[in-house]
Novice: 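Let me begin by handing over the structure; questions about it come next.
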Amino acid sequence: MPTSAPSFGILTAQQQVDYRDVLRVWLEADAIPEIEHAWLFDHLMPIGGDPNGPIFEGWTLLSALAAETERLRLGLLVTSNRFRPPAMLAKIATTVDIISDGRLDFGIGAGSRPNPPEARREYPRTACRSMMSLMRWAVSPRPAS
């Protein structure tokens with residue numbers, strides 16, 4: 001059975017931090033060949049530290065970091081299917097993939113933990129399979145109507 005070598009990456013939590021600090025870490029990682037990928041998370045509220053503290057929206061920040069880096073594969077660990085309608089998420093992911101010159105790794109899941117209780121304000125759960133079907137439809141070529 002063939003085995004592959006491990007790959008190394010970074011995860012930067014985009015909460016309780018300044019944009020310039022996150023950018024500096026990603027630029028440094030982009031310059032180190034052994035670091036192959038970089039990740040953000042998809043939470044709308046801080047998951048640590050001050051619950052009312054600053055937090056950047058993951059896809060928006062990912063787009064900015066994609067424009068500034070050249071080599072790193074990038075993505076969110078993991079995109080919640082509860083925050084954005086499928087067609088919007090498909091368009092957002094397609095845009096980030098174009099900005100990054102094809103470096104996006106897309107992962108989708110059920111979403112955040114049930115705690116804190118405030119997290120229950122998010123969109124109601126939908127099945128990942130349904131979400132992926134709708135996203136495939138949204139990005140597939142079809143005639144204009």
Side-chain angles (χ1 to χ4, degrees), residues 1-140:
M1 177 182 286
T3 61
S4 60
S7 66
F8 296 93
I10 62 169
L11 168 65
T12 53
Q14 68 270 20
Q15 63 183 14
Q16 321 293 350
V17 68
D18 183 74
Y19 166 70
R20 295 283 169 212
D21 293 328
V22 176
L23 176 60
R24 178 184 50 78
V25 170
W26 278 53
L27 290 174
E28 288 177 12
D30 200 40
I32 300 171
E34 293 81 7
I35 298 177
E36 298 176 21
H37 40 91
W39 304 89
L40 299 171
F41 58 60
D42 194 23
H43 291 275
L44 302 179
M45 300 164 48
I47 58 173
D50 179 359
N52 297 312
I55 184 168
F56 294 104
E57 193 279 324
W59 279 101
T60 307
L61 182 58
L62 191 65
S63 183
L65 296 168
E68 295 289 337
T69 57
E70 297 178 2
R71 183 189 55 78
L72 292 169
R73 304 246 2 126
L74 44 91
L76 296 184
L77 288 174
V78 60
T79 298
S80 172
N81 73 342
R82 298 164 56 188
F83 298 154
R84 300 161 199 89
M88 178 183 287
L89 181 55
K91 183 56 84 173
I92 291 168
T94 300
T95 300
V96 171
D97 196 49
I98 290 168
I99 290 169
S100 71
D101 199 23
R103 294 180 289 134
L104 177 66
D105 286 331
F106 182 81
I108 191 162
S112 67
R113 308 173 231 176
N115 291 316
E118 296 84 16
R120 294 189 180 105
R121 296 183 308 213
E122 299 162 0
Y123 287 103
R125 288 182 186 248
T126 57
C128 285
R129 185 173 295 143
S130 297
M131 176 69 139
M132 291 306 296
S133 295
L134 288 167
M135 287 184 62
R136 281 189 197 100
W137 177 84
V139 298
S140 64

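Note that the coordinates shown come from a computational prediction; the quantities given were computed from them, not determined experimentally.
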Novice: Does any non-hydrogen side-chain atom of D42 lie less than 4.5 Å from one of E57?
Specialist: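 Yes, at least one pair of side-chain atoms sits under 4.5 Å.
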Novice: Would you compute the distance between atom OG of S80 and atom NE2 of H43 and round it to the nearest 0.5 angstrom?
Specialist: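 It comes to 8.5 Å.
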Novice: Drop me the distance from L27's CG to E70's CD, to the nearest 0.5 angstrom.
Specialist: 9.0 Å
Novice: So do E68 and L65 actually touch side chain to side chain, heavy atoms under 4.5 Å?
Specialist: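 The answer is no; the side chains never approach within 4.5 Å.
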Novice: Name the residue from I55, L76, L40 that meets the side chain to side chain contact (heavy atoms under 4.5 Å, CB included) definition with L61.
Specialist: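 The passing option is L40.
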Novice: Test your reading of the model: is there a side-chain donor-acceptor pair from Q14 to the backbone of V22, 3.5 Å cut-off?
Specialist: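 Not at all, since once roles are kept as given, no pair shorter than 3.5 Å links the two residues.
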Novice: Taking the side chain from Q15 and the backbone from G53, do they hold a donor-acceptor pair closer than 3.5 Å?
Specialist: no
Novice: Taking all non-hydrogen atoms of both residues, which atom of V17 and which atom of A13 are closest, and how far apart?
Specialist: CG1-O, 3.8 Å
Novice: At what distance, to the nearest 0.5 angstrom, does NE2 of H37 lie from CG of D105?
Specialist: 8.0 Å
Novice: If you take all heavy atoms of F41 and L11, which pair is closest and at what distance?
Specialist: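 That would be N-CD1, 4.4 Å.
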Novice: Does the side chain of L89 reach to within under 4.5 Å of the side chain of W59, using non-hydrogen atoms?
Specialist: yes
Novice: Quick one: does I35's side chain get under 4.5 Å of E28's, heavy atoms only?
Specialist: no
Novice: Using atom types as modelled and distance alone, determine if a side-chain donor or acceptor of E34 lies under 3.5 Å from a backbone N or O of F8.
Specialist: no
Novice: Taking D30 for the side chain and L72 for the main chain, is one N or O donor matched with an acceptor at less than 3.5 Å?
Specialist: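 Yes, because the side chain of D30 sits within donor-acceptor range (under 3.5 Å) of the backbone of L72.
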Novice: Is L62 close to W26 at the side-chain level, that is, under 4.5 Å between some pair of heavy atoms?
Specialist: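 Yes, close enough: below the 4.5 Å cut-off.
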Novice: Counting C-beta onward and ignoring hydrogens, is there a side-chain heavy-atom pair between L74 and V96 closer than 4.5 Å?
Specialist: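 A side-chain contact exists here, since the closest heavy-atom pair is under 4.5 Å.
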Novice: Taking A29's backbone N and O only, do any of them form a donor-acceptor pair with R71's side chain (distance below 3.5 Å, no angle check)?
Specialist: yes
Novice: So for atom CG, which belongs to D101, do other residues, nucleotides or ligands contribute more than 12 heavy atoms lying within a distance under 6.0 Å?
Specialist: no
Novice: Decide whether R103 and T69 meet the rule of one side-chain donor and one side-chain acceptor closer than 3.5 Å.
Specialist: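 R103 vs T69: donor-acceptor pair found between side chains.
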Novice: Measure across S63 and I99 and return the closest heavy-atom pair with its distance rounded to 0.1 Å.
Specialist: OG-CD1, 3.2 Å
Novice: Can you give me the closest heavy-atom contact between P51 and P46, atom names plus distance?
Specialist: O-CD, 3.5 Å
